[in-house]
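The figures that follow rest on heavy atoms only: side chains count, while hydrogens, waters and symmetry mates do not.
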Amino acid sequence: MANERYNAPVNEKRWQKIWDERQTFRTTEDKSKPKCYVLEMFPYPSGRIHMGHVRNYTMGDVLARYKKTKGFNVLHPMGWDAFGMPAENAAIERKIHPAKWTYENIAAMKSQLKSMGLSLDWSREVATCNPDYYVHQQHLFNDMLAKGLAYRKTSKVNWDPVDQTVLANEQVIDGRGWRSGALVESRERMQWAFKITAYAEELLDALKTLEKWPEKVRLMQENWIGRSEGLMVRWQLDAATAPVGHSELEIFTTRPDTLYGASFMAVAPDHPLAKIAAENSKSIAEFCDECRRMGTSVADIEKAEKRGIDTGIKARHPLDPTWLVPVYVANFILMDYGTGAIFGCPSGDQRDIEFARRYGLPIVPVVVPKDDPARTQALAKIHEGTAYDGDGVMINSRDLNGMAPKAAFETIAAKLEKLRLGNQPVATRKINYRLRDWGISRQRYWGCPIPVVHCNTCGIVPVPAHELPVQLPDDATFDVPGNPLDRHPSWKHTNCPKCNQPALRETDTMDTFVDSSWYFARFTAPDAKTPIDATAAKYWLPVDQYIGGIEHAILHLLYSRFFTRAMSATGHLPKTMAEPFGALFTQGMVVHETYKSSSGSWLLPTEVVFEGEGDARKATEIATGQPAEIGSIEKMSKSKKNLVDPDDIIAHYGADCARWFVLSDSPPERDVIWTESGVAGAGRFVQRIWRLVEEVADGKGAKRGEKKPANFSPEATELRRTTHKALHAVGQNIEGLRFNVAVAQLYELTNATASAIAKAAPDTTWAVREATEHLVQMLGPMMPHLAETCWERLGYNTLLADTSWPATEQSLLIDASVTLAVQVNGKRRDELTVPRDASLADIEKAALALESIIRALDGKLPKKVIVVPQRIVNVVA
RNA sequence: GCGGGCGUGGCGAAAAGGUAGACGCAAGGGACUUAAAAUCCCUCGAUGGCAACGUCGUGCGGGUUCAAGUCCCGCCGCCCGCACCA
């Protein structure tokens with residue numbers, strides 16, 4: 001029946017049910033086919049999906065569905081990053097058990113994701129909070145422990161004394177706990193850590209091999225790892241001033257060439273030497289305490305200010321024992337980097353020059369530009385307090401004078417390596433990394449328990465494999481601050497697996513980044529009895545296309561890369577497996593305009609109406625009739641109310657429409673602006689496709705399966721060319737994730753098909769049928785429900801999801817004639833249509849014969865004619 | 001401060017160094033309709049011209065090239081990371 005609107009909600013539910021029943025998207029492992037593992041970053045089960053999820057999962061789904069039509073075994077799984085703080089907050093605030101809260105959220109979000117019609121293999125679903133998942137994580141942990149990749153160390157943490165918990169850096173706001181508001185203390189605490197630094201070099205080097213990762217992400221990781229080459233230099237302390245038992249101070253420097261410019265040394269407030277000095281001096285102790293207090297983000301307030309205090313200790317210059325340099329404690333020295341101590345060369349380092357000026361220390365230029373006027377300028381700047389850290393030539397540096405800094409570096413390094421202090425070389429070459437080991441201890445309930453026992457006799461004992469999982473107790477309480485596992489009356493009491501004496505369980509749980517560092521591997525065999533099934537992992541990994549937000553550019557992706565190596569080292573993955581994600585794509589956000597009422601409160605997009613355009617565009621608040629302010633376009637957020645609920649859109653326009661819109665407007669790596677009119681446009685397109693298909697099915701096109709004519713009219717051939725060009729281009733653009741361009745090409749094919757029908761040229765019905773069928777097939781990955789419905793309407797009783805991407809007829813991709821632009825002196829003057837294989841001479845002749853070209857030449861003789869076949873003709877006069 | 005990215009119509013955007021603005025949105029005009037919605041057709045960078053057609057135009061200033069949105073140099077603006085890393 002024609003003229004009936006396409007009913008999205010009804011059809012969408014129908015096809016979802018059919019796909020479900022027929023297990024259309026169940027993963028296959030047909031060995032005769034190539035594999036493709038498509039993965040989107042799994043969500044935290046907050047309870048509701050948002051437009052960002054819609055965009056992320058639609059992109060992955062288009063690729064997964066497309067790859068299926070191209071004959072791949074596709075693995076496209078989904079799961080839940082289900083441990084974490086919000087569940088515990090819900091327990092505290094609303095007295096719901098974290099498990100109940102989480103599983104309810106998973107159920108709700110799963111049903112929302114299902115309403116999007118994603119081609120997911122739900123039989124592989126995992127939730128990281130499920131003991132079936134985390135039991136394997138505990139196995140992995142123990143294996144890493146045995147290999148020395150997991151260990152305990154004391155590290156500094158942000159301690160919230162009211163909530164009695166450790167806070168992440170981002171949970172410390174202006175030095176106070178984000179929830180309690182208490183002043184956060186910097187405390188030393190025994191923490192579990194993973195030895196990611198053991199792989200620093202490799203994680204850095206292998207970045208080069210990740211050619212299908214965004215350059216930006218590789219760069220961010222490179223900076224994060226922060227490799228620098230330098231020298232460890234031991235300075236002898238002057239015995240007259242040094243504390244008893246301290247005879248030397250070791251520093252790390254990347255600029256040994258500037259050693260003759262040294263004017264002070266500085267150590268971190270937590271450096272052992274600073275601590276000794278603090279014991280003997282009240283003012284030093286006070287200074288160190290002060291530094292510790294501003295440890296976290298208060299640093300921002302006085303960030304520029306370099307301050308310190310003289311310890312009275314002197315160090316001997318390694319190249320001149322008569323040269324004594326004062327040792328300071330300084331607030332800008334980090335204990336975690338290098339040795340927590342430096343030598344200061346003020347002329348070459350901005351921090352050092354500020355420090356030196358403040359404390360009246362010498363500032364001797366040692367590196368300056370080779371020639372004037374740059375040299376004079378640099379010297380003047382140093383005099384004014386701006387360090388020079390460029391290349392140039394050494395001065396004031398004794399035997400180094402005249403050398404380039406690089407040569408000076410080598411000279412000094414060679415010299416100091418030979419010099420001895422207490423029978424050891426004064427200096428050794430050292431490669432230093434900014435990357436630190438990954439602290440995974442969290443004093444929380446809702447995380448994976450660290451499966452070890454503390455025994456007074458045996459020390460740290462891993463829980464044996466057959467006793468895993470160490471499961472979270474169900475009856476924890478959340479009404480008071482602190483770690484629920486630690487205060488649980490019985491949970492932590494156990495017996496030592498080794499000596500069977502009473503012992504205590506570890507009550508720390510793992511950072512949730514651990515959970516997400518190996519889930520992609522678990523998906524390859526989610527029911528395996530071991531953490532990883534080597535055969536499945538070998539087949540499916542690496543992930544062929546990983547898609548997610550740029551916010552995970554560093555931590556999640558780096559941890560996953562580390563974990564993959566750790567899993568190889570512990571025998572869970574093949575030895576050759578290093579990189580988990582072969583290709584990475586980071587998609588942009590979904591953003592929306594913001595609106596404010598005249599009273600200053602935020603308004604929902606549905607609470608305003610608009611008129612006018614451009615600068616004259618005005619918004620009015622519907623409820624009050626008052627003008628509303630149109631604010632900036634920002635990431636959708638609850639607080640600014642610039643939200644669009646996927647449920648509402650799906651209920652109103654259908655999932656296909658929402659999918660189409662998020663694919664259509666912007667390049668996928670850029671932010672997409674959600675506009676109501678844009679969605680409405682997508683909705684119109686859905687109806688337009690449906691009308692087109694109805695017309696074709698009802699006689700404007702040939703019948704299904706009708707024999708292909710031997711000859712086609714020019715009009716039919718034209719349409720066929722458009723169709724086959726689209727097949728090629730849309731396929732290429734989906735593979736390249738240029739969805740917005742693919743969408744535009746589908747619009748063009750739709751327009752071409754519709755106008756062919758409207759013109760009703762002779763002998764076009766077969767071509768119209770072909771165009772329409774292929775159009776529907778190409779729409780399949782993007783708007784799968786609509787496409788299935790159209791496929792059915794076109795007379796098929798098979799699933800479109802099971803069909804192959806149509807083959808292109810190569811001959812139709814090549815036009816018999818081509819239109820060239822004809823330029824005179826680079827300016828376009830006319831066009832010329834010539835046979836595709838026309839000779840250069842013929843083209844030139846035809847171009848020069850064009851009336852417009854003759855006119856443009858204005859009697860001048862062409863000096864040169866450039867003919868680029870199938871492109872352009874440029875007449876140079 | 002360091003690093004990276006981006007600047008193209010009223011808007012989102014296309015464009016292997018080769019006809020700038022495909023495609024969509026918005027807007028304007030028209031058809032159909034008692035009317036509206038829906039749909040269909042036309043116009044739509046600026047400017048001059050009745051028109052044919054011309055001139056200018058991809059943040060700004062230079063350069064390379066037969067030819068530059070695209071490549072190079074120097075600015076300006078916006079956005080995003082990282083930030084005392086010795």
Side-chain angles (χ1 to χ4, degrees), chain A residues 3 5 214-217 219-220 222-224 226-228 230-231 251-255 258 266 268 299-300 303-306 330-334 336-345 348-352 354-355 432-436 550-551 553-554 610 612-617 660-661 664-667 669-682 684-685 687-688 691 738 740-751 754 758 819-832 852 855-856 862-868 870-877:
Chain A
N3 297 328
R5 284 175 66 78
E215 186 60 41
K216 179 182 178 170
V217 173
L219 207 87
M220 282 164 82
E222 192 181 319
N223 292 338
W224 187 261
R227 180 183 196 273
S228 54
L231 225 50
I251 57 104
F252 174 71
T253 177
T254 56
R255 295 295 303 276
T258 65
D300 296 48
K303 61 179 164 187
E305 208 175 3
K306 310 276 175 279
N331 64 349
F332 63 98
I333 308 301
L334 306 173
D336 301 309
Y337 189 78
T339 62
I342 60 143
F343 82 85
C345 171
D349 184 294
Q350 193 54 37
R351 293 159 300 178
D352 294 349
E354 283 170 31
F355 191 80
N432 218 337
Y433 295 93
R434 180 188 170 276
L435 181 70
R436 288 181 246 152
I550 187 74
E551 66 273 22
I554 297 173
F610 306 95
E613 65 173 309
D615 290 343
R617 190 158 161 272
W660 184 254
F661 179 72
S664 66
D665 244 25
S666 295
E669 69 278 8
R670 237 180 271 178
D671 290 349
V672 64
I673 305 174
W674 186 276
T675 62
E676 324 310 316
S677 55
V679 188
R684 280 197 297 274
F685 182 66
Q687 297 301 334
R688 194 166 164 224
R691 280 196 308 274
R738 294 176 296 269
N740 58 320
V741 185
V743 162
Q745 284 155 343
L746 289 168
Y747 269 110
E748 278 180 278
L749 179 58
T750 307
N751 292 343
T819 301
L820 311 177
V822 183
Q823 302 177 331
V824 175
N825 291 333
K827 239 174 218 179
R828 182 186 163 276
R829 293 294 169 180
D830 209 339
E831 332 181 304
L832 179 65
S852 49
R855 197 175 343 121
K863 284 194 196 113
K864 191 152 97 174
V865 181
I866 290 148
V867 180
V868 184
Q870 290 148 58
R871 284 272 163 206
I872 207 160
V873 180
N874 192 8
V875 181
V876 186

Rounding to the closest angstrom, what is the interatomic distance between B/rU43 and B/rG5 at atom C1'? 37 Å

Using the P atom on both, measure B/rG45 against B/rA38 and round to a whole Å. 25 Å

Whole-Å distance separating the CG atom of A/D665 from the P atom of B/rA22: 15 Å

Measure from the side-chain heavy atoms of A/Y337 and tell me the nearest of B/rC85, B/rA67, B/rA16. B/rC85

Quote, to the nearest angstrom, the C1' distance that separates B/rG10 from B/rA27. 8 Å

So, is A/N740 near the phosphate of B/rA22, with a side-chain N or O under 4.0 Å from OP1 or OP2? no

I'd like the P distance from B/rG63 over to B/rU70, given in whole Å. 14 Å

Would you tell me if any nitrogen or oxygen in the side chain of A/R227 comes within less than 4.0 Å of OP1 or OP2 on B/rC85? no

Would you say B/rC25 has OP1 or OP2 under 4.0 Å from some side-chain N or O of A/R684? yes

Taking only side-chain N and O atoms of A/R829, does any of them lie within less than 4.0 angstrom of OP1 or OP2 on B/rU55? yes

OP1 or OP2 of B/rC82 less than 4.0 angstrom from a side-chain nitrogen or oxygen of A/R434, does that happen here? no

Please check the phosphate of B/rG24 (OP1 and OP2 only) for any side-chain N or O of A/Y747 closer than 4.0 Å. no

Please check if the side chain of A/N432 supplies one atom and the backbone of A/S228 the other of a donor-acceptor pair under 3.5 Å. no

B/rG4 P sits how many Å from A/I550 CD1, rounded? 15 Å

Counting any heavy atom closer than 4.0 Å, what does A/G226 reach on the DNA or RNA strands: base, sugar-phosphate only, or nothing? nothing

Atom CD of A/E676 to atom P of B/rC25: distance rounded to whole Å? 15 Å

Could you state the atom-to-atom distance from CZ of A/F685 to C1' of B/rU39 in whole Å? 16 Å

Full working for side chain to side chain contact (heavy atoms under 4.5 Å, CB included) between A/I550 and A/K216: CA-CA 10 Å; A/I550 187 74; A/K216 179 182 178 170; 4.2 Å; yes

If the C1' atom of B/rG24 is compared with that of B/rG1, how far apart are they to the nearest Å? 42 Å

Donor-acceptor contact present, side-chain A/N825 to main-chain A/A877, <3.5 Å: yes

Taking every heavy atom of A/S666 against every heavy atom of A/N740, the minimum-distance pair comes out as O-CB, 3.6 Å

With rounding to whole Å, what would you report as the distance between B/rG61 and B/rG49 at their P atoms? 27 Å

Here the gap from A/F355 atom CZ to A/I333 atom CD1, rounded to the nearest 0.5 Å, amounts to 8.0 Å

Which heavy atom of A/T750 sits nearest a heavy atom of A/L746, and at what distance? OG1-O, 2.7 Å

Length of the CH2-C1' vector between A/W674 and B/rG12, whole Å: 14 Å

Please state how far atom CZ in A/F661 lies from atom C1' in B/rA13, giving the value in whole angstrom units. 12 Å

Rounded to whole angstrom units, what separation is found between the CD atom of A/E354 and the P atom of B/rA86? 16 Å

Describe the nucleic acid contact of A/V868 in one word from base, sugar-phosphate, nothing, applying a heavy-atom distance below 4.0 Å. base

Syn/anti state for B/rG9 [syn: chi within 90° of 0]: syn

Let me spell it out: for each of A/S852 and A/R828, pick the nucleotide of RNA chain B with the closest heavy atom. Which residue's pick is nearer the 5' end? A/R828

With the side chain defined as heavy atoms from C-beta on, A/P667 is closest, among B/rU19, B/rA13, B/rG24, to B/rA13

Just call it for A/S664: base, sugar-phosphate, or nothing, with non-hydrogen atoms closer than 4.0 Å on any strand. nothing

What distance do A/W674 atom CH2 and A/D665 atom CG have between them, rounded to the nearest 0.5 Å? 10.0 Å

Reckon A/D336 touches a base, only the sugar-phosphate, or nothing at all at heavy-atom distances under 4.0 Å? nothing

Would you say the side chain of A/K306 and the base of B/rC84 hold a donor-acceptor pair, judged only by whether the two atoms sit under 3.5 Å apart? yes

What would the secondary structure line of RNA chain B be in dot-bracket form, counting Watson-Crick and G-U wobble pairs under 3.5 Å, with [ ] for pairs that cross earlier ones and | for pairs with another strand? (((((((..(((.....[....))).(((((.......))))).((((....))))..(((((..]....))))))))))))....

Looking for any heavy atom pair under 4.0 Å, which part of the strands does A/K827 touch: base, sugar-phosphate only, or nothing? sugar-phosphate

A/R670 side chain N/O closer than 4.0 Å to the phosphate oxygens (OP1, OP2) of B/rA13? yes

How is A/T819 classified with respect to the nucleic acid when contacts are heavy atoms under 4.0 Å: base, sugar-phosphate, or nothing? base

Sugar-phosphate, base or nothing in reach of A/F252, heavy atoms under 4.0 Å: base

Using atom P in both nucleotides, what's the gap between B/rC44 and B/rG29 to the nearest angstrom? 16 Å

A/N874 side-chain N/O to A/G826 backbone N/O, donor-acceptor pair under 3.5 Å: yes

So A/E748, base contact, sugar-phosphate only, or nothing? Heavy-atom distance under 4.0 Å. sugar-phosphate

Any base atoms under 4.0 Å from A/Q745, or only sugar-phosphate, or nothing? Heavy atoms, all strands. nothing

Do A/F332 and A/D352 pass the side chain to side chain contact (heavy atoms under 4.5 Å, CB included) test, and can you show the C-alpha distance, the side-chain angles, and the key distance before you say yes or no? CA-CA 10 Å; A/F332 63 98; A/D352 294 349; 3.8 Å; yes

Can you give me the closest heavy-atom contact between A/I872 and A/L820, atom names plus distance? N-CD2, 4.0 Å

Roughly how many Å apart are B/rU47 and B/rC40, using the P atom of each and rounding to a whole number? 31 Å

Toward the 5' end of RNA chain B, which comes first, A/V873 or A/I673, by nearest nucleotide? A/I673

Contact between A/V868 and A/I866 at the side-chain level, heavy atoms closer than 4.5 Å - yes or no? yes

Describe the nucleic acid contact of A/I333 in one word from base, sugar-phosphate, nothing, applying a heavy-atom distance below 4.0 Å. base

Ranking B/rA86, B/rA13, B/rG18 by distance to the side chain of A/T254, first place goes to B/rA86

Counting only side-chain heavy atoms from C-beta out, which of B/rU19, B/rG3, B/rC66 sits nearest to A/N223? B/rG3

Base, sugar-phosphate, or nothing: which does A/L219 touch, judged by heavy atoms less than 4.0 Å apart? sugar-phosphate

Send over the distance from A/I866 CD1 to B/rU65 C1', rounded to a whole Å. 9 Å

